[in-house]
Protein chains: 2
Amino acid sequence: MKKENITLKDIAKVAGVSTATASLALAGDPRVNFKTKKLVEEVAQRLQYVPNEIGRSLRAKKAETVALIFPNTPHNAFTHPYFVQLLEGISEVLVQNSFQLLLSTTPSEADEAAAYDKILRNRRADGIILWPASIKDSNIPKIIESGFPVVYLGKWHHDDIVTIQRDDFGGAYEATEQLIRNGRTRIVHLTGPLDYQVSIDRVEGYKQALQDNKILFDPALLVEADFSREMADAAVQKLHEESVRYDAIFAANDRMAIGAMRGLRALGLSVPQDVAVIGCDNIETGELIEPALTSIHQPMREIGRLAAERIVAMLTGQDITDKQTMVSSSLVVRESCGTLKN
Amino acid sequence: MKKENITLKDIAKVAGVSTATASLALAGDPRVNFKTKKLVEEVAQRLQYVPNEIGRSLRAKKAETVALIFPNTPHNAFTHPYFVQLLEGISEVLVQNSFQLLLSTTPSEADEAAAYDKILRNRRADGIILWPASIKDSNIPKIIESGFPVVYLGKWHHDDIVTIQRDDFGGAYEATEQLIRNGRTRIVHLTGPLDYQVSIDRVEGYKQALQDNKILFDPALLVEADFSREMADAAVQKLHEESVRYDAIFAANDRMAIGAMRGLRALGLSVPQDVAVIGCDNIETGELIEPALTSIHQPMREIGRLAAERIVAMLTGQDITDKQTMVSSSLVVRESCGTLKN
DNA sequence: CTGCGTTTTTAAATCGATTTAATTCATAAT
DNA sequence: ATTATGAATTAAATCGATTTAAAAACGCAG
């Protein structure tokens, strides 16, 4: 039932020319006679010829494919609320440029290194879009510094690496300041794991905002969690048991913000009256819960688009003038942060 | 900076054998002498040889790759809440079996046909996992009946096609019956676009449940929407303007259920007292809103896993005994449907 | 030392396209 | 009629691996 595929050879034979001519004709090379070109095109059309990309790739030494590497760690899964948006942005641009998208994860942390190495060398992809993992993960620097075309979606310490970064520092600063502006002074920062750059940057932004507003940083208010709702809930419980006093929470993602809000409710505290809350990511759920969650919006789709544009540019030999791109986030103010409506 | 890749030729030269021997040695062919084998392996190890998959694919006529085709229609985007879970299930199994995952979307509806055709013929993927689109979409039957290895994630009318299906009929039946059991008799079914099989099946399930409970089907209670929150909200508004009386809503997805709940609230109606609501998909948000949403849980991760297992089996020449697989959904009862706590 | 059967090794073909360098062909100039 | 010139075509190499069929090397008996 499965019909054999039509190859260039078939086209050449039917058109009565050599494969060389057929190839050149289809490529629109000016050397081939107009009539011959038309003939070959007609035959190709009629036989529904589709070039075998594998053959083409082998010869051209490129696969017209970009791999999205998303390190598979407990904190970094596809379930990340905005992973899908990133994917959409990337996909959109790649499709426009006739690149394919290979999705790469690793079976387990153990063979992570080998798996990445393979991607880099087996030539299935010409370039890589790389999502950050823990700063302790030694595979990340290995990939970035391999010389393979990479767009890194985070901060990197060499400015010859092409990166797309969010302004995590600025976002955290803005969120913290918003809480301060609303009269809060004892602001808990519920951070993600501190071996993630994003967490570190947000802590910095938080601290800077405190300092600029002459509020002393209290280490008791810096609580490390794991991005999960459950742990945020538990953290609020723990703060209560330790009788820590606070009037606001800035959580490093919306899941934790939501978890914290549930914890607060369980303690009989109301949001935003007793405790104001701000999250990060601006996931859809935040808009639908009560009170609606104030959050830092991350333009993930835009980041995906930019990353794809950059890698395509690199692979098509264009010059990248500004290798580092910073996209700014914005605060979406809703009820949970206690801002008065004007 | 970018070092040239090590090829089999390099290994052969360093080991002082022919490429044939090198290849055979690495493949563990018993014809090659044990000492030679060890030598070649040592050299490959030392030079960090990784076979070029493109070359291998060309010769083997297979790419060790599966494409996930997700038709890009307004109702069918990556943003589909459980797309990510599907992806996780697929990815997990493919990685285990050393298959790569190619993500395919189409630039626009216009060149959809050409794009699919290309995937089928350019040999970048050996098999396809296909997500349903509108029943009017002529590309779907084209792909399914091409003879190319396909696992279709829906119902198909020939039983020689490998499918993984959800029990949409059963799910709708169960949801409707739950509402009836809770004393509701005028149940609105907020359906998705009726050119989708899933919508048709759910309408059937809904009708059957009504009939089995001796409730007459009222066409005025069947409202077609587009899966969006906004349109569900508007639909509730419209029902009100038309003075349609009802005491329950069964929505074809959670987004619409949530939109409907917002619409009801705007009209001053309370859920579940005035109107009981059940959705489909069991998205995370449903658990977090108030009242918490009763919903039909879809085991998307499981579906992804099964689909990947099937396609891998097909591509590795295994026999598929049961070509059609039905996974059952389950009702997750929360507050919105008005079930009394026991 | 020859001949025969085994083990090992390797030359060469293959997969499907692209591209270079060489060749053929037609036309115009001498 | 011959040659130079340019246009059009094609043979052959190439990309990197696998695999078949043939050759080489080896061991051992006669």
Out of [options], which nucleotide sits closest to the side chain of [X]?
| X | options | answer |
| --- | --- | --- |
| B:T21 | D:dT18, C:dT19, C:dT10 | C:dT10 |
| A:R31 | D:dA17, C:dA21, C:dT18 | C:dA21 |
| B:V17 | D:dA11, C:dA17, C:dT10 | C:dT10 |
| B:R59 | C:dT9, C:dA17, D:dT18 | D:dT18 |
| A:L24 | C:dT10, D:dT18, C:dT19 | C:dT19 |
| A:T19 | C:dT18, D:dT9, C:dG16 | C:dT18 |
| A:A20 | C:dT19, C:dT9, D:dT18 | C:dT19 |

Of A:G16 and B:A60, the one whose closest DNA chain D nucleotide lies more 5': A:G16

How many Å lie between [atom1] on [X] and [atom2] on [N], as a whole number?
| X | N | atom1 | atom2 | value |
| --- | --- | --- | --- | --- |
| A:I54 | D:dT14 | CD1 | C1' | 17 Å |
| B:N5 | D:dG16 | CG | P | 8 Å |
| B:N122 | C:dC15 | CG | C1' | 15 Å |
| B:D10 | D:dG16 | CG | P | 9 Å |
| B:L26 | D:dT18 | CG | P | 8 Å |
| A:D29 | C:dT19 | CG | C1' | 10 Å |
| A:L47 | C:dG16 | CG | P | 15 Å |
| B:L58 | C:dA13 | CG | P | 17 Å |

NZ/NE/NH1/NH2 to OD/OE distance under 4.0 Å, B:E42 and B:K38: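 Salt bridge absent between B:E42 and B:K38.
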
With the threshold set at 4.0 Å, does a side-chain nitrogen-carboxylate oxygen contact exist between A:E92 and A:R305?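 Looking at A:R305 together with A:E92, the answer is yes, because their closest N to O distance falls below 4.0 Å.
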
When you check the phosphate oxygens OP1 and OP2 of [N], does a side-chain N or O of [X] lie under 4.0 Å from one of them?
| X | N | result |
| --- | --- | --- |
| A:S23 | C:dT18 | yes |
| B:Y49 | D:dA17 | yes |
| B:K61 | C:dG16 | yes |
| B:N52 | D:dA17 | no |
| A:R56 | C:dT18 | yes |
| A:S57 | D:dC15 | no |

I need the minimum non-hydrogen distance between A:L39 and A:A15, along with the two atoms involved.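 Answer, listing the atom of A:L39 first, then A:A15: CD2-O, 3.5 Å.
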
Output the distance between atom CD (B:E309) and atom CD (B:Q96), rounded to the nearest 0.5 Å.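 Nearest 0.5 Å value for the CD-CD distance: 8.0 Å.
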
Any side-chain donor near an acceptor of the partner, B:T325 and B:R310, under 3.5 Å: yes

Which is it for A:N52 and A:N5 under the side-chain contact (heavy atoms from CB on, under 4.5 Å) test, yes or no, and what are the steps along the way? CA-CA 9 Å; A:N52 179 316; A:N5 275 320; over 6 Å; no

